[in-house]
Amino acid sequence: MALGALTRLAFYARMRIRLQRSGEALCTALLPGLALLSCAVLLAKVGWLTLNELGWAAAGCLGCAGLVALVAALWPVNLLATLVRLDEANRFSDRLGSAHVFSLLPAERRTPEMQLHIQRTLSLLHQVRITPAVPLRPPRDLPACLGLALVLGFVCQVAPPSYPPLPPLTLTPEVTERLVDPGRLRENERQLQQLQQLAARSGDETMQQIAGELDEMMGRLRAGTISQQELLERLDAIDALLAAYHPPEAVGLESAWEEVIRSIEEGIGPQEALPESTRALLERIEAGQEGALAEALEQLVQLLHTEELEQPHREEIAELLAQLADAIDPGDPRVRQQIAEHSQEIRQLQERLARRESRRDRRRLDQALERLARSQEQMAGQIGDMGREGATRQEISSALREGANALRQQPEEERPAQAEQEATPPPEEMPPDQFGQPARPMQEASPTPQEVAGSEGPQIQAEQGGQQAAASSLQQASARLRQMDQEQAASEALDQAERTAQALRENLQRSSQQATTEQQEQQADAYWESFLDRADGRQTERQAIPGGQQEPESGLQQAERVAMASEPPDDRRPDRAVEEEQTETSYGFERGDQAAGGEATELGGTRVQVAEEREPTQAQPTTGDVFYMAARDGFATRAYREVYVQYQRAAETALEAEEIPLGFQSFVRRYFELVEPR
Amino acid sequence: MQPANPSAVGEAVAQAAERFETFRARFARLTSEIQKVIVGYQEIIEGVLSCLLSDGHVLLEGVPGLGKTILVRTLGEVVQLDFGRIQFTPDLMPADIIGTNLIVQGPDGSRQFQFQRGPLFTHILLADEVNRATPKTQSALLQAMAEGQVTVSTQSYTLCPPYFVIATQNPLEMEGTYPLPEAQLDRFMFKLKVPFPNLEDLNTIMNRTIGGQNPSVSAVTGREELLEMQQVARRIPIAPHIQLYALRLLEKTHPICKQAPGAVKQYVKAGSSPRGGQAILKAARIRALVRGETAVGFEDVQAVALPALRHRILLNFEGEAEGVDTDDIVAQILAETKKA
């Protein structure tokens, strides 16, 4: 029982030691924990951490501190050391420690002196005071912990909260101008207009929807009611839509137009002698657009429906259509000629065979049929190599050819059927072609499946008359051309939409990079306004020249004139001989294979523009004005290297953004190389 | 060992307590009686008595005139033991201390060798200014101090216990002296430095000595009682962790010990022998008994560590050159050694 009292005393002392140790460990562990938590709160305030992540961070920091405190509390405490500590604090001279050690000995090894020591120690246990031996002091790191806790509270309290929803963003025009460059925005609007036109022409709903989206975004951007983030998000959505959109494969006749025009010009005489409708059709053909040609064919169809054309007129139109069909036909003209010759030979041989069959004629007929088959295979191979374009061209060519034949075909009451029989051989006499159909006349030598589907055409033509049949065939060709035009427009609209979205995004990025200071923004805005105005020809530098009597001229035109003509105006270049000599050796000019080099030359025209003052009535500042304003407004107080970098960047931006010939771009770049600060 | 019967246990415990009380009472009487002659020097007296009761020997170091010889003589008178005094001089020979064989003519006229005992054969021996004798003479004390017997020629003579040697040496007059070798020093349980008395004690000394009335002391204990006190002192228990603490102190006097303080590693050539540990524990027992404790504690070990170790630490050349005091080294060892 007495030893139990000693053990209980030691237990209480050890509990206090554990408690003290736990508190010390907790405070020590809380120091880095609170520091990290403060950082986490700051990160959460600036939006780099969510509330959930902040909660996890807080739980981690505090949990680690608690775990350390728990480990410290559960760490074993030496009982003997505790008793020694109690002895020292109570000035017992190791009475408790020795008594504990003696009590652990077996009874037979315990001497009377040891027993005496234990008894005396137990009798003095009531004098033992634990508090002086194991005092519960505040942890040493407690002040630092409290300080960090205050810092944490300060961070939580003072830092601006980020989680309440932000008010709806309404951008002012100034902010909008910072968001995007106004000059580039104008360019974006032009691109959008082109996109809207292409979308309307293609009739594609997706492209019209994208154009509408871009138009709505542009409107909000002008009104300043869209943020940069929302703008970028919507651009990303449009990009995703464009990536998922697969327009029908556009098949154009670009490769055939030159051949068409050349063959028509060879086949048709002076255009002034042609009738109005034929001339209009020829003009549309020369325009080289599927849509225009389709429109012309529709007008021709309408004309055929409404009016009764005279024979010469119909012949001319038929001839034009036939040549157009031949030009559009993807087959090689020489092959077609071979097929015609082979067919003619076959017909003659068949006639001979009908009259008198001989072995020689039979062999010749077989050879002719073989050559015809090879020619037809060669043509089919050419068409097959062209793919869908070849099939389309073949289809249009067939329709045009049918229309031409129908126009040439006279009504039954005007043209005897015998003459028609003579003009076209009977179908049963024609050899089968590669599609298994009877061979047609020369102009129909390459039948297509579409033609097979329209094999009832001659009967309809016979019933409705040649003019109506021609109108029907031309209607088919017009529809096909219209479809091609829409496909082409859809493809162009897709490209245009991608370009528009990309240009708008680049506009945002460049504006955010460039708009560092207000002064830079003003300079950039003035520069772009001036540049675009000059590019549009609305404002010329020459207007600013007092006494200038020349026509308005853009800056680019001036540069072209100065660079290419190498003969500047006399009123600006008094020393002409010297200028000519300098121009011959100036940078950017070439003679033969040797690039010009050597000393730098002066762009006198530009110098004069900068040196002279513009008229006060001009609305927009010129580039010279911008430079002079910069010079007056603290230009001299800024380092030349800094100003040089800004100007060079503006020049590079202009060179990248505009279509400036490479030869002229080297002028600008060489100039900045020469004036580069050293 | 403890008897199995509880009543016997209680009786044994009571007897032990009585023995402890008797010891303390006798010790107190001895101290008080000595202090009738010796003014002050409480620690010196307790140290000398501790060595006496621990069956050890003591080396007193101090300048002349501090009462070292009086202390020893008073002790001899108080304990009623034979007292002998040898003034060590350079020409003192071992035979002068131990004794020698002399030719003695018997009653029948025959002559034979007879051992003539020297002053060594006594209970309490004062070796005054022991460092003035040659090492040869100093070594004559080695066997007597360590084994309690003397060998002359082929004959050994046992010294009558208790045998207690008190040596003195003057630390100032080093010319013509022979410092005690390490083996001789190690035989002394304590080396006590006798300080100069303070003004109050000095005044008391003057009053007692110049008045012509020399204080007289009486014997308070006899030889048997003294031996009984030595037996009682051996029975006081020492807990293992206390003993380990004493041994850690001893271990740290050696420069090769990893836990030794920097001063030991720098200035000490050799540390204490195991006799140092024995001296510490024996003296700690006496001190614990004197303080009324029933077991040895850390304080007892710490208190006796300095006189028990200071003369057992051998300084190296650097320590000698810089005048390092071994007391400082022992103090540093005590400060840097954890109790548990």
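Proteins come first, then strands; the chains are lettered A, B, ... in the order of their sequence lines, and each starts at number 1. It should be emphasised that the depicted structure is a prediction, and the values quoted were computed from it without experimental measurement.
Heavy atoms from other residues, nucleotides or ligands lying under 6.0 Å from CD of A/Gln127 number more than 12. No more than 12 heavy atoms of other residues, nucleotides or ligands shown are found within 6.0 angstrom of CZ on A/Arg129. The 12-atom threshold is not exceeded at CZ of A/Arg140, counting heavy atoms of other residues, nucleotides or ligands nearer than 6.0 Å. Atom CG of A/Leu146 is surrounded by more than 12 heavy atoms from other residues, nucleotides or ligands within 6.0 Å. The 12-atom threshold is exceeded at OH of A/Tyr644, counting heavy atoms of other residues, nucleotides or ligands nearer than 6.0 Å. Within a 6.0 Å sphere centred on CD of B/Glu43, other residues, nucleotides and ligands contribute 12 heavy atoms or fewer.
The heavy-atom pair separating B/Ala16 from A/Leu116 by the smallest distance is C-CD2, 4.2 Å. In terms of heavy-atom proximity, A/Asp94 sits nearest to B/Phe298 at OD1-CE1, 3.2 Å.
Residues B/His241 and A/Leu80 are in side-chain contact: their nearest non-hydrogen atoms beyond the backbone lie under 4.5 Å apart. No side-chain heavy atom of B/Val9 sits under 4.5 Å from any side-chain heavy atom of A/Pro112.
Of the listed residues (B/Lys338, B/Glu299, B/Glu11), the one with the most heavy-atom contacts under 4.5 Å to chain A is B/Glu299. In terms of heavy-atom pairs under 4.5 Å with chain B, the best-connected choice from A/Gln119, A/Arg120, A/Arg85 is A/Arg120. Each of B/Ala17, B/Gly297, B/Pro237, B/Pro240 has some count of heavy-atom pairs under 4.5 Å with chain A, and the biggest count is that of B/Pro237.
Salt-bridge annotation for B/Arg19 and A/Glu113: present, with a side-chain N of the basic residue lying under 4.0 Å from a carboxylate O of the acidic one.
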Using distance only, find each side-chain donor-acceptor pair of residues 286-293 of chain B under 3.5 Å and give its atom names and separation, not counting sequence neighbours.
residue: B/Arg287; atom: NH1; partner: B/Asp300; partner atom: OD1; Å: 2.8
residue: B/Arg291; atom: NE; partner: B/Asp300; partner atom: OD1; Å: 2.8
residue: B/Arg291; atom: NH2; partner: A/Ser93; partner atom: OG; Å: 3.0
residue: B/Arg291; atom: NH2; partner: B/Asp300; partner atom: OD1; Å: 2.6
residue: B/Arg291; atom: NH2; partner: B/Asp300; partner atom: OD2; Å: 3.1
residue: B/Glu293; atom: OE1; partner: A/Arg95; partner atom: NH2; Å: 2.7
residue: B/Glu293; atom: OE2; partner: A/Arg95; partner atom: NH2; Å: 3.3

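With values rounded to the nearest 0.5 angstrom, A/Phe102 atom CZ is found 8.5 Å from B/Ile238 atom CD1.
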